[in-house]
*Asks:* 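First the structure, which I've put down as structure tokens, then a few questions once you've had a look.
All chains are named by letter (A, B, ...) in the order of the sequence lines, taking the proteins before the strands, and each is independently numbered beginning at 1.
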Amino acid sequence: MAGQRAMAARQPSESTQVFSLAMKEQLSRLINQALDTLADQGILSDDLARRIQIDRTRDPSHGDLASNIALTLAKSAGRNPRELAALICEALPAAPFLARTEIAGPGFINFFLSEASSQGVIRDILEQREAYGTSTAGQGRQVQVEYVSANPTGPLHVGHGRGAAVGDCICRLLEATGWAVTREFYYNDAGQQINNLALSVQARCKGLQPDDPEWPQDGYRGDYIGDVAQAYLRGDRVDASDQHVSGSADPDNLDDIRRFAVAYLRREQDLDLQAFAVHFDNYFLESSLYADGEVAATVERLVSRGHTYEQDGALWLRTTDFGDDKDRVMRKRDGGYTYFLPDVAYHLNKWQRGFERVINEQGADHHSTVTRVRAGLQALECGIPAGWPDYVLHQMVTVMRDGEEVKLSKRAGSYVTLRDLIDEVGRDATRYFLAARAANSQLTFDINLALSQSNDNPVYYIQYAHARACSVMRRLAEQGWQWHAETALQQLDGLEEEHEKALLRQLARYPEVVTAAATASEPHGVATYLRELAADFHTWYNAHKMLVEEPSLRNARVALCEAVRQVVANGLGLLGVSAPETM
RNA sequence: GCGCCUGUAGCUCAGUUGGAUAGAGCAGUAGCCUUCUAAGCUAUUGGUCGGGGGUUCGAAUCCUCCCAGGCGCGCCA
């Protein structure tokens, strides 16, 4: 966490942004100038739509950066792409960071950076340290991220774990790109499920077992219910993140049991999240929406805007006016509200708190609420944009061990708990595996793979790269060799090996990876990148000795090594995975 | 039946928002440790990108129709 704060506090200085995002920016300007020149010469018309796209190349033989500008303009310019590319290259002003250009394939322009320019990324990294890769794109704007939001009816399961990992990584990415993030956990402490929980605990208090015929309908059957009952009967005091409750030990006081059970399970979940290194700024209780009259106020407003009607004794909202496939009941025949209404009230509350951007991370099994909540917010007619809020939905997690699906946890009664997973494979591996895949594809969590200590296992593979780099620095000191960054930065021209050039390219890409992952709310991009960076590092490490006798080459290689270490640490930090100095 | 998501090597997955010859890891095969950590590296095998049609200079990526799987379709949350 300290690292995160340091990261947020430290702004990248202007002079050091030259080699990452700004490189594309500069190139884009040069191309624009070239197009101006061609327009002046009457070769191109002035009014061409110029959408200048610059990509990093996949293949080093294609240079460092490439543009398809000649391909996209060819048709409207009435020239063939390669010919146009040649004209653009000719008109391109000279720039110190560019070594040469080349026309390739159907008409791509490939740009080769000068060596000094490529090597400059090391200076960027060693000067910016934790801040390398961060940006101020968010301009300090407020964003709220809601995730996990498990109801306090049992331990967190793997699915919650995926939400916790993805949601937390999104928050870290947003912080790294200049947003002011509020992390929020919403839970239902008011509905029927909580009542079932209370009845289940009460049944245990009275000596019933889940298999008994008198066991409550829809009761919870896991062993943890017994733990709650025992604690309640002992009169234990429970301290959860947002509440403190003592059990009265009276098995007939259902309200007391309810309060106690909720607090108890909230504390359990707190411990699960703590073990997972996930924290929240705010816990929001559904019950507070009723207590503060916000649910009633929401109903009133929806009615007054004319989007409701009565039918069959219930109050309906005409959500079909806002894209839903059927209208929804707000108030049931028995006078109670459906879950959907507090959801709308809650999101209105978020809007009123000033969050222009809100991201909800949820399991995809709740995807039907997306349209519904947005429709409800539109019906309020209070200026909320149509697509608000954003949603990130994650698909189901299947846990495998020894080639077979793991389905049961004795403690929880049915599902694999997050705690089981952390206890078995550790926090780092659990976080990595749950965040390293695109959220909207189903995930297979292979326990054997997560446990393996070899390059089967990407977590250790990446961490090992960091530990190796640290080891080099320790060896350097043991040898009594002096190393000063400022001196080394003057000697970078010794980095001529292909493996070194590959690393430089990889390092330069990092800020774009972070920006892209943050913009798309896709943390797995960082994980993929780190795997590649680690691979390039290990390859280099095996091919060349860093601590060579010759001082200037040694200095340059140590600088590169240190730069890689820094970026690996930064990337792992975004994933909430530790960067060990030894392994 | 309707809606959302997914389909890429035997397995688990990437694929820079439409770019160049589709990439990793595992599994398989053959190699590398008196030298900075072998939790590593090197070489190699493996593809109708679910299928058909379309859009254009160019499609794994966009449109459309099929096929298969997951999730959701409640006056439960």
*Asks:* Is it the case that the ring center of A/His499 lies less than 6.0 angstrom away from the ring center of A/Tyr541?
*Replies:* no
*Asks:* With a 3.5 Å limit on both atom pairs, tell me what B/G18 is paired to, counting Watson-Crick and G-U wobble, or say none.
*Replies:* none
*Asks:* Measure from the side-chain heavy atoms of A/Thr444 and tell me the nearest of B/C13, B/C73, B/U37.
*Replies:* B/C13
*Asks:* Is there a donor on the side chain of A/Arg509 or the base of B/U16 sitting less than 3.5 Å from an acceptor on the other?
*Replies:* no
*Asks:* Counting only Watson-Crick pairs (N1-N3 plus N6-O4 or O6-N4) and G-U wobbles (N1-O2, O6-N3), all under 3.5 Å, who is the partner of B/G74?
*Replies:* none
*Asks:* In Watson-Crick or G-U wobble terms, both distances under 3.5 Å, what is the partner of B/G46?
*Replies:* none
*Asks:* Taking only the side-chain heavy atoms of A/Ala66 (C-beta and beyond), determine which of B/G72, B/A20, B/G19 contains the nearest atom.
*Replies:* B/A20
*Asks:* Taking NZ, NE, NH1 and NH2 as the nitrogens, is one of them in A/Arg56 or A/Asp64 under 4.0 Å from a carboxylate oxygen of the other?
*Replies:* no
*Asks:* I need the NE2-P distance between A/His538 and B/G25, as an integer number of Å.
*Replies:* 12 Å
*Asks:* In whole angstrom, give me the gap between the P atoms of B/U6 and B/G10.
*Replies:* 22 Å
*Asks:* With C1' as the reference atom in both, quote the distance from B/A27 to B/C11 in angstrom, rounded to an integer.
*Replies:* 7 Å
*Asks:* Over how many whole Å does the gap from A/Asp55 atom CG to B/G58 atom C1' extend?
*Replies:* 14 Å
*Asks:* Determine whether a donor-acceptor pair (one donor, one acceptor, N or O, separation below 3.5 Å) exists between the side chain of A/Asn110 and the base of B/A20.
*Replies:* yes
*Asks:* Give me the distance, rounded to whole Å, that separates B/G53 from B/C13 when you measure between the C1' atoms they each carry.
*Replies:* 29 Å
*Asks:* Select base, sugar-phosphate, or nothing to describe what A/Leu443 touches, counting heavy atoms under 4.0 Å on all strands.
*Replies:* sugar-phosphate
*Asks:* Counting side-chain heavy atoms from CB outward, which of B/U17, B/G15, B/U6 is closest to A/Gln53?
*Replies:* B/U17
*Asks:* In plain terms, say whether A/Glu268 and A/Arg266 are close enough for a salt bridge, that is, a side-chain N and a carboxylate O under 4.0 Å apart.
*Replies:* no
*Asks:* Taking atom types as modelled and ignoring hydrogens, do the side chains of A/Asp536 and A/Gln506 form a donor-acceptor contact shorter than 3.5 angstrom?
*Replies:* yes
*Asks:* Can you tell me if A/Tyr461 is stacked onto the base of B/A39, using a 5.5 Å centroid cut-off and an angle below 30°?
*Replies:* no
*Asks:* Have a look at A/Thr371 and say if it touches a base, only the backbone sugar-phosphate, or nothing, with a 4.0 Å heavy-atom cut-off.
*Replies:* nothing
*Asks:* Please determine, for B/U37, whether a Watson-Crick or G-U wobble partner exists with both distances under 3.5 Å, and give it or none.
*Replies:* none
*Asks:* I want to check one thing: is the phosphate of B/C5, taken as OP1 and OP2, less than 4.0 Å away from some side-chain N or O of A/Ser441?
*Replies:* no
*Asks:* Measure from CZ on A/Arg468 to P on B/C36 and round the result to the nearest Å.
*Replies:* 10 Å
*Asks:* Scan every strand shown for a Watson-Crick or G-U wobble partner of B/A60, both distances under 3.5 Å, and answer none if you come up empty.
*Replies:* none
*Asks:* Within this structure, what is the CG-to-P distance between A/Asp446 and B/A27, rounded to whole angstrom?
*Replies:* 12 Å
*Asks:* For B/C5, is chi within 90° of 0 (syn) or not (anti)?
*Replies:* anti
*Asks:* Do A/Glu532 and A/Arg509 meet the salt-bridge criterion of a basic N to acidic O distance under 4.0 Å?
*Replies:* yes
*Asks:* Do the two ring centres, one from A/Tyr464 and one from A/His538, sit under 6.0 Å apart?
*Replies:* yes
*Asks:* Give one of base, sugar-phosphate or nothing for A/Ala104, where a contact means two heavy atoms less than 4.0 Å apart.
*Replies:* base
*Asks:* Is it true that A/Lys350 and A/Glu184 make a salt bridge, defined as a side-chain N closer than 4.0 Å to a carboxylate O?
*Replies:* no
*Asks:* Take A/Arg331 and A/Pro81, find for each the nucleotide of RNA chain B with the closest heavy atom, and name the residue whose nucleotide sits nearer the 5' end.
*Replies:* A/Pro81
*Asks:* Distance under 6.0 Å and angle within 45° of the ring axis: does A/Arg328 meet both against A/Phe340?
*Replies:* no
*Asks:* Using only side-chain N and O atoms of A/His524, determine if any of them is under 4.0 Å from OP1 or OP2 of B/G15.
*Replies:* yes
*Asks:* Whom does B/A68 pair with, Watson-Crick or G-U wobble, provided both distances fall under 3.5 Å?
*Replies:* B/U6
*Asks:* When you get a sec, tell me which of B/G25, B/G70, B/C4 is the closest nucleotide to the side chain of A/His367?
*Replies:* B/C4
*Asks:* Using the side-chain heavy atoms of A/Arg475, tell me which of these nucleotides is nearest: B/A20, B/U37, B/C75.
*Replies:* B/U37
*Asks:* What is the separation between atom CG on A/Asn542 and atom C1' on B/A43, rounded to the nearest whole Å?
*Replies:* 14 Å
*Asks:* What is the distance from CZ of A/Arg437 to P of B/C26, rounded to the nearest Å?
*Replies:* 13 Å
*Asks:* Any base atoms under 4.0 Å from A/Met396, or only sugar-phosphate, or nothing? Heavy atoms, all strands.
*Replies:* sugar-phosphate
*Asks:* Need the pair for B/A24. Rule: Watson-Crick or G-U wobble, both distances under 3.5 Å, any strand; none if unpaired.
*Replies:* B/U12
*Asks:* Which residue, A/Lys75 or A/Ala535, contacts RNA chain B at a nucleotide closer to its 5' end, judged by nearest heavy atom?
*Replies:* A/Ala535
*Asks:* Whole angstroms only, please: what is the CD1-P distance between A/Ile109 and B/A20?
*Replies:* 17 Å
*Asks:* Counting heavy atoms from C-beta on, name the nucleotide in B/G19, B/A14, B/U42 closest to the side chain of A/Asn68.
*Replies:* B/G19
*Asks:* Taking the C1' atom in each of B/A20 and B/C73, what is the distance between them to the nearest angstrom?
*Replies:* 45 Å
*Asks:* With A/Arg554 as the cation and A/Trp481 as the aromatic partner, state whether NZ or CZ is under 6.0 Å from the six-membered ring centre and within 45° of the axis.
*Replies:* yes
*Asks:* What's the base orientation of B/U55: syn (chi within 90° of 0) or anti?
*Replies:* anti
*Asks:* Can you tell me which nucleotide in B/A14, B/C36, B/C73 comes closest to the side chain of A/Lys326?
*Replies:* B/C73
*Asks:* What about A/Asp365, does its side chain sit under 3.5 Å from the base of B/G72 through a donor-acceptor pair?
*Replies:* no
*Asks:* From the list B/U16, B/G70, B/U37, which nucleotide is the closest neighbour of the side chain of A/Ala467?
*Replies:* B/U37
*Asks:* Using a heavy-atom cut-off of under 4.0 Å over every strand shown, decide if A/Glu478 touches base, sugar-phosphate, or nothing.
*Replies:* nothing
*Asks:* Whether the side chain of A/His366 and the base of B/G72 hold a donor-acceptor pair under 3.5 Å is what I'd like checked.
*Replies:* no
*Asks:* Side chain of A/Arg58, heavy atoms from C-beta onward: which of B/U37, B/G15, B/U42 has the nearest atom to it?
*Replies:* B/G15
*Asks:* Measure the distance from CD on A/Gln506 to P on B/A24 and round it to the nearest whole Å.
*Replies:* 12 Å
*Asks:* Of the nucleotides B/U6, B/G70, B/U37, which one has an atom closest to the side chain of A/Gln442?
*Replies:* B/G70
